Undergrad: 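Would you mind keeping the following structure in view while I ask a few things?
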Amino acid sequence: MTAPGLGALAARLADELAFLQLPAPRWTPALEHEGEPVLDVAIVGAGMTGLAAAAALVQRGVQVVAYDEAPAGWEGPWATTARMETLRSPKQLAGPALGIPSLTFRAWFEAQFGRAAWDALDKIPRLQWMDYLRWYRQVLALPVQNEHRVTDIAPRADGLVELTIEAGGCTRRTFARRVVLASGRAGLGGPAVPALAERLPRTRWAHSSDDNDYGALRGLRVGVIGGGASAMDSAATALEAGAAQVHLLIRRPDLPRINKGKGAGNPGFVQGYARLPDDWKWRIRHYINVQQVPPPRNSTQRVARFDNAHFHLGVAIERAEERNGALQVHTSAGPIALDFLIFATGFKVDWRQRPMLRHIAPCIRVWKDRYAPPAGADDEELAESPDLGRAFEFQPRAGAHCPGLERVHCLTYPATLSLGVITGDIPAISEGALQLADTLAGLLYAEDIEYHYARIEAYDEPEVFGDEWMAEPLPRAAE
Ligand SMILES: Cc1cc2nc3c(=O)[nH]c(=O)nc-3n(C[C@H](O)[C@H](O)[C@H](O)COP(=O)(O)OP(=O)(O)OC[C@H]3O[C@@H](n4cnc5c(N)ncnc54)[C@H](O)[C@@H]3O)c2cc1C
């Protein structure tokens with residue numbers, strides 16, 4: 001049987017949306033400020049999360065624009081800095097489909113390649129996932145403006161948030177009533193790099209998320225710090241590019257085997273986590289952090305098939321210096337001479353790495369401002385996580401004066417401690433986008449209640465016209 005093609009899928013999607021009466025027509029008032037239209041919602045980022053949030057808001061009749069600094073079709077890591085062959089996530093996850101069957105990766109895949117190819121597919125190839133996201137945006141005609149970098153977010157006391165945006169060599173201001181940060185895994189910071197790297201020449205090291213030229217590693221001795229997914233992807237890419245040796249320096253005595261986060265996932269966890277008391281949130285996230293997420297098996301095998309790949313477990317890097325044209329790297333197991341280091345050490349909340357947040361960062365309450373973990377459960381990543389409210393909104397630290405801060409909403413990975421796994425990964429991104437869209441629609445309605453009440457009063461479409469019946473006097477009762 002031939003595959004129906006994307007044209008047929010688009011027609012089926014249009015039917016499904018029509019059956020569900022989506023999208024709703026716009027119902028919010030068209031506001032202006034200084035002669036310019038005010039957006040209901042501005043989204044920073046049009047990766048998977050920004051697209052899903054934009055789609056959910058459009059469905060609810062809310063006016064939204066998503067801004068992304070990347071060129072169209074190159075948002076997020078998938079076709080830029082990611083180096084795995086396939087996604088970690090199982091192929092059947094519904095991802096950003098928002099409950100609509102024809103919006104799933106599977107529908108998109110089967111429309112082009114058929115059911116047999118779907119059955120034969122193991123995991124989703126990385127670049128195919130990006131192609132799917134490009135289609136998702138295009139078929140829903142989502143309001144995205146690419147090559148628009150948000151450089152400042154300034155909430156105000158008058159119910160507006162002022163955004164500074166750079167595009168095409170110009171800087172302009174835009175006003176929105178609500179702002180959603182969908183700026184990615186490192187969206188509130190950037191790479192977590194140990195201090196010892198900062199003392200090395202920048203030509204000698206990269207972070208795994210850097211746009212690094214792996215071709216330049218040909219013939220070199222490369223050290224990869226870390227044992228997670230990105231360590232395997234970086235090591236494999238260096239080996240495939242012709243590195244002479246790749247040494248994985250892994251602090252742990254063994255690689256984690258079990259993905260506890262995957263085991264935690266079920267609809268109760270997705271929907272109920274945000275309602276848990278702080279102690280439970282901390283306990284669950286800390287446990288998952290301590291257990292660590294194993295690298296995917298296929299990524300590990302991709303490295304291990306090279307004879308010049310070396311896994312060194314229980315080896316912590318202590319310091320390094322450049323000497324005699326190479327790096328002398330001192331580890332807990334002794335020294336090793338290398339030419340280049342790749343830090344596959346993850347990301348952290350670090351407001352200094354996100355200049356667009358400079359106005360609000362000093363006001364934002366993080367978990368360590370109000371929560372003391374039980375003895376032995378200290379966790380720097382969790383301590384620095386923003387302490388968000390149920391509307392995904394930033395909350396002010398004690399004593400901070402930042403009117404309008406609650407108009408800035410966070411849908412990035414660091415929101416996970418407050419809100420659970422709905423904040424950016426494929427398994428529950430639809431739930432996150434839909435919850436956020438429902439919440440924002442509700443907030444926008446409530447703050448315009450006088451406008452909406454006046455519309456109810458002014459509403460004058462008759463449903464009966466008075467010509468359907470004849471009024472009669474009451475029949476005279478028999479005496
Ligand atoms: C290498 C890698 C592999 C992953 N694999 C998986 C996986 O298999 N399964 C899974 O569930 N999760 C995976 N993840 C985690 C997560 O799904 C991805 O990080 C995903 O990209 C998150 O989508 P996002 O839209 O939140 O962020 P991103 O895709 O990173 O998009 C954020 C966007 O924001 C834009 N942006 C940031 N700042 C600004 C600004 N100031 N102005 C304008 N635009 C801005 C960026 O240009 C970017 O396009 C992976 C992450 C990485 C890094």
Side-chain angles (χ1 to χ4, degrees), residues 42-55 65-91 93-96 105 123-130 133-134 136-137 144-153 163-167 174 179-191 207-211 226 228-234 236-237 259 261-262 265 293 295-296 298-299 344 346-347 353-358 410-416 421-430 432-433 436:
I43 302 178
V44 184
M48 175 182 70
T49 301
L51 293 181
V65 173
Y67 298 100
D68 202 297
E69 61 187 332
W74 298 91
E75 302 85 359
W78 314 109
T80 54
T81 54
R83 297 184 180 88
M84 64 282 188
E85 291 172 329
T86 65
L87 300 197
R88 174 199 290 274
S89 298
K91 65 178 180 181
L93 292 179
F105 176 83
K123 288 194 163 178
I124 299 173
R126 168 172 62 83
L127 294 177
Q128 207 166 39
W129 180 253
M130 187 71 229
L133 292 177
R134 290 172 181 140
Y136 178 98
R137 165 188 174 170
V144 178
Q145 295 194 5
N146 284 94
E147 297 178 63
H148 280 59
R149 173 181 301 190
V150 177
T151 57
D152 194 17
I153 298 173
L163 297 164
T164 308
I165 298 175
E166 286 176 5
T174 291
V179 172
V180 173
L181 291 184
S183 44
R185 190 88 178 172
L188 302 185
H207 184 265
S208 55
S209 67
D210 286 347
D211 189 12
S230 59
M232 297 306 153
D233 299 337
S234 299
T237 309
N259 184 350
K262 186 175 168 194
V293 181
N298 60 339
S299 309
F347 303 102
Q353 294 191 50
R354 290 281 160 178
M356 74 168 160
L357 303 175
R358 64 185 175 280
C410 180
L411 195 59
T412 68
Y413 178 76
T416 308
V421 289
I422 58 173
T423 54
D425 288 352
I426 295 168
I429 191 56
S430 282
L436 178 64

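Keep in mind that what you see is a predicted model, and the values were worked out from it rather than measured. When a ligand or atom number is given, it counts from 1 through the structure's own listing order. Atom set for the values below is all heavy atoms of this structure, side chains included, hydrogens, waters and symmetry mates excluded.
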Undergrad: Classify the angle between the aromatic ring planes of W129 and W78 as parallel (below 30°), tilted (30 to 60°) or perpendicular (above 60°).
TA: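 W129 vs W78 ring planes: perpendicular.
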Undergrad: Exactly which residues line ligand 1, taking a heavy atom under 4.0 Å from it as the test?
TA: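 Shell around ligand 1 (4.0 Å, heavy atoms): V44, G45, G47, M48, T49, Y67, D68, E69, E75, G76, P77, W78, A82, M84, L87, R88, S89, H148, R149, V150, A182, S183, G184, R185, R354, M356, G424, D425, I426, P427.
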Undergrad: Show, in sequence, the C-alpha distance, side-chain angles and deciding distance for L188 and R354, and conclude whether the side chain to side chain contact (heavy atoms under 4.5 Å, CB included) test is met.
TA: CA-CA 6 Å; L188 302 185; R354 290 281 160 178; 5.6 Å; no
Undergrad: Is there a side chain to side chain contact (heavy atoms under 4.5 Å, CB included) between V150 and T174 once you walk through the steps?
TA: CA-CA 10 Å; V150 177; T174 291; over 6 Å; no
Undergrad: Which residue in the set T49, N146, L133 passes side chain to side chain contact (heavy atoms under 4.5 Å, CB included) when paired with E75?
TA: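 Of the listed options, the one satisfying the test is N146.
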Undergrad: Quick one, M48 with Y136, criterion side chain to side chain contact (heavy atoms under 4.5 Å, CB included). Give me CA distance, side-chain angles, the key distance, then yes/no.
TA: CA-CA 9 Å; M48 175 182 70; Y136 178 98; over 6 Å; no
Undergrad: Quiz question: by atom type and distance under 3.5 Å, do the side chains of S209 and T81 form a donor-acceptor pair?
TA: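 Their side chains do not contain a donor-acceptor pair, so the 3.5 Å distance test is not met.
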